[in-house]
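The structure's right below; bear with me while I get my questions together.
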There are 2 protein chains.
Amino acid sequence: MAENTSGSEGLLFLTDEQLRKGIEAMFFAYRGFTADPDRILEGMDYGRAHHRAIHFINRTPGLTVSNLLAILGVTKQSLNRVLRTLFDDGLVEARVGRTDKRERRLHLTDKGQALERALSDAQRARMRAAYRAAGPQAVQGFRTVLEAMMDPEMRRQYLREEGL
Amino acid sequence: MAENTSGSEGLLFLTDEQLRKGIEAMFFAYRGFTADPDRILEGMDYGRAHHRAIHFINRTPGLTVSNLLAILGVTKQSLNRVLRTLFDDGLVEARVGRTDKRERRLHLTDKGQALERALSDAQRARMRAAYRAAGPQAVQGFRTVLEAMMDPEMRRQYLREEGL
DNA sequence: GGAATTACGTCAGCCTTGTTGACATTGTCG
DNA sequence: CGACAATGTCAACAAGGCTGACGTAATTCC
């Protein structure tokens, strides 16, 4: 009962209309995707940019500023503004690299981990609900299409478990 | 070789790790998704906000400002800044509503349609490539999960073909 | 017919988060 | 030692969100 997205086996029928629906699905879904963390962050002095930094520092503790810059794809000035507030508020700490002392290895503090958990709990809850509603095959397809939609460089970031 | 996202039939194994991957997939994929239009728009005086307005005016010619506000979820002040430039540049035109003269029915001009086509061609090309790479079943799953991830209100917007 | 409401526009000011450019510091490496 | 790399920082600017307040025209309600 999920075999007829395409006209015939293996041949997708990709009308502009089908593609437009896919485009709008991305647009509306991304809004839902960010809605819960946004709600948590509003009122605190933080925004989505802080969320992103916190997420990736949590994912890969000890990553360097350069690593994070590459992942986020913003300028260092922009990232620095965000990191500074996270340092000041004691959510993130930087440890000097032991082999290369120029590097600053980023870690979440306990306080930072607490916020990370609050944010990702909310986001995971929505993702889990969507997965459950859609079923296992849908989940596989979801991930496959998203992966194919990434820029190759980002796909590498995504696939590499060690974000370094 | 794509049947084992779930532990067993029908039961999703939703570890936090699996969910985290889904979250990051959304993040990286959305970047790819917007990259091509962004490239086209940079240099012109327009940005993503203009793209969104153009997209939905094209999808539903004759929609009112209120309709568009509801779809985009921004304030009228914010939308107006965007619409004004689109009027001034002759990409969008507003026709007074025939039943209710307070309404302004929005339409793309030929020039607006040309830009719309350039933008959506780029975005569709990526979407099509991703769909092809992933296959029909994946496409079905992709749409199903995205739909489940939307806020209910947005899902209504998404499903309603007439965006009015 | 007059009052309330609706659709829309606009002025003003603020915030976040992105940008560029220039420059300083400190550490690594050949 | 000198070039280069990793990082931070100051300054200025832009896009695109936001709130609040106000104005006008058209519709609707009593």
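The chains referred to below are lettered A, B, ... by the order of the sequence lines, with proteins before strands, and numbering in each begins at 1.
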>> Need one value for A:Arg81: base, sugar-phosphate or nothing, where a base atom within 4.0 Å counts as base even if backbone is also close, heavy atoms only.
In response: base
> So does A:Arg48 get a side-chain nitrogen or oxygen closer than 4.0 Å to the phosphate oxygens (OP1/OP2) of C:dG18?
Replying inline: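 Checking A:Arg48 against C:dG18: no side-chain N or O falls below 4.0 Å of OP1 or OP2.
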> Is it true that the side chains of A:His51 and A:Glu116 contain a donor and an acceptor less than 3.5 Å apart?
Replying inline: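 No donor-acceptor contact under 3.5 Å links the two side chains.
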>> What is the distance, to the nearest angstrom, from the CG atom on A:Asn80 to the P atom on C:dA24?
In response: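 Distance check: A:Asn80 CG to C:dA24 P gives 17 Å.
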> Taking atom P of C:dG18 as reference, at what distance in whole Å does atom CG of A:Leu68 sit?
Replying inline: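 Value for this atom pair: 11 Å.
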> Counting any heavy atom closer than 4.0 Å, what does B:Thr99 reach on the DNA or RNA strands: base, sugar-phosphate only, or nothing?
Replying inline: sugar-phosphate
>> Can you measure B:Asn67 atom CG to C:dT6 atom C1' for me and round it to whole angstrom units?
In response: 14 Å
> Of all the choices, C:dT20, D:dG20, D:dC18, which nucleotide is nearest to the side chain of A:Gln77 once you look at every atom?
Replying inline: C:dT20
> Got a sec, which residues hit side-chain contact (heavy atoms from CB on, under 4.5 Å) with A:Ser66, two or more places apart in sequence or on another chain?
Replying inline: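 Testing A:Ser66 for side-chain contact (heavy atoms from CB on, under 4.5 Å), a comparison that skips the adjacent residues, returns A:Thr64.
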>> Of the options D:dG17, C:dA7, D:dA6, whose atoms approach the side-chain atoms of B:Val74 most closely?
In response: D:dG17
>> Could you tell me if the side chain of B:Leu115 sits less than 4.5 Å from the side chain of B:Leu91, heavy atoms only?
In response: yes
>> In whole Å, I'd like the distance from the CG atom of A:Leu72 to the C1' atom of C:dG18.
In response: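 Going from A:Leu72 (CG) to C:dG18 (C1'), I get 12 Å.
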> Closer than 4.0 Å, any side-chain N/O of A:Arg52 to the OP1 or OP2 of C:dG18?
Replying inline: yes
> How many Å lie between CG on B:Asp100 and P on C:dT6, as a whole number?
Replying inline: 12 Å
> Is it true that B:Phe27 and A:Phe56 have ring centroids separated by less than 6.0 Å?
Replying inline: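 B:Phe27 vs A:Phe56: aromatic centres under 6.0 Å.
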> Taking the side chain of B:Arg102 as its heavy atoms from C-beta onward, which of C:dT5, D:dG16, D:dT7 lies nearest to it?
Replying inline: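 Of C:dT5, D:dG16, D:dT7, C:dT5 is nearest to the side chain of B:Arg102.
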> Looking at D:dA21, C:dC11, C:dC23, which one has an atom nearest to any side-chain atom of A:Lys76?
Replying inline: C:dC23
> Mapping A:Asp45 and B:Val65 onto DNA chain C by nearest heavy atom, which one lands closer to the 5' end?
Replying inline: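 That would be B:Val65.
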>> If I take atom CG in residue A:Asp38 and atom C1' in nucleotide D:dG16, what distance separates them, rounded to the nearest angstrom?
In response: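 Roughly 15 Å, once rounded to whole Å.
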> Any side-chain N or O of A:Thr75 under 4.0 Å from OP1/OP2 of C:dT19?
Replying inline: yes
> Separation of A:Met44 atom CE from C:dC15 atom P, in whole Å?
Replying inline: 19 Å
> Can you check the B:Glu103 CD to D:dT28 C1' distance for me, whole Å?
Replying inline: 14 Å
> A:Arg81: what forms a side-chain contact (heavy atoms from CB on, under 4.5 Å) with it, not counting sequence neighbours?
Replying inline: A:Ser78
> Quick one: is B:His50 getting a side-chain N or O under 4.0 Å of the D:dG16 phosphate, OP1 or OP2?
Replying inline: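 Yes, within the criterion.
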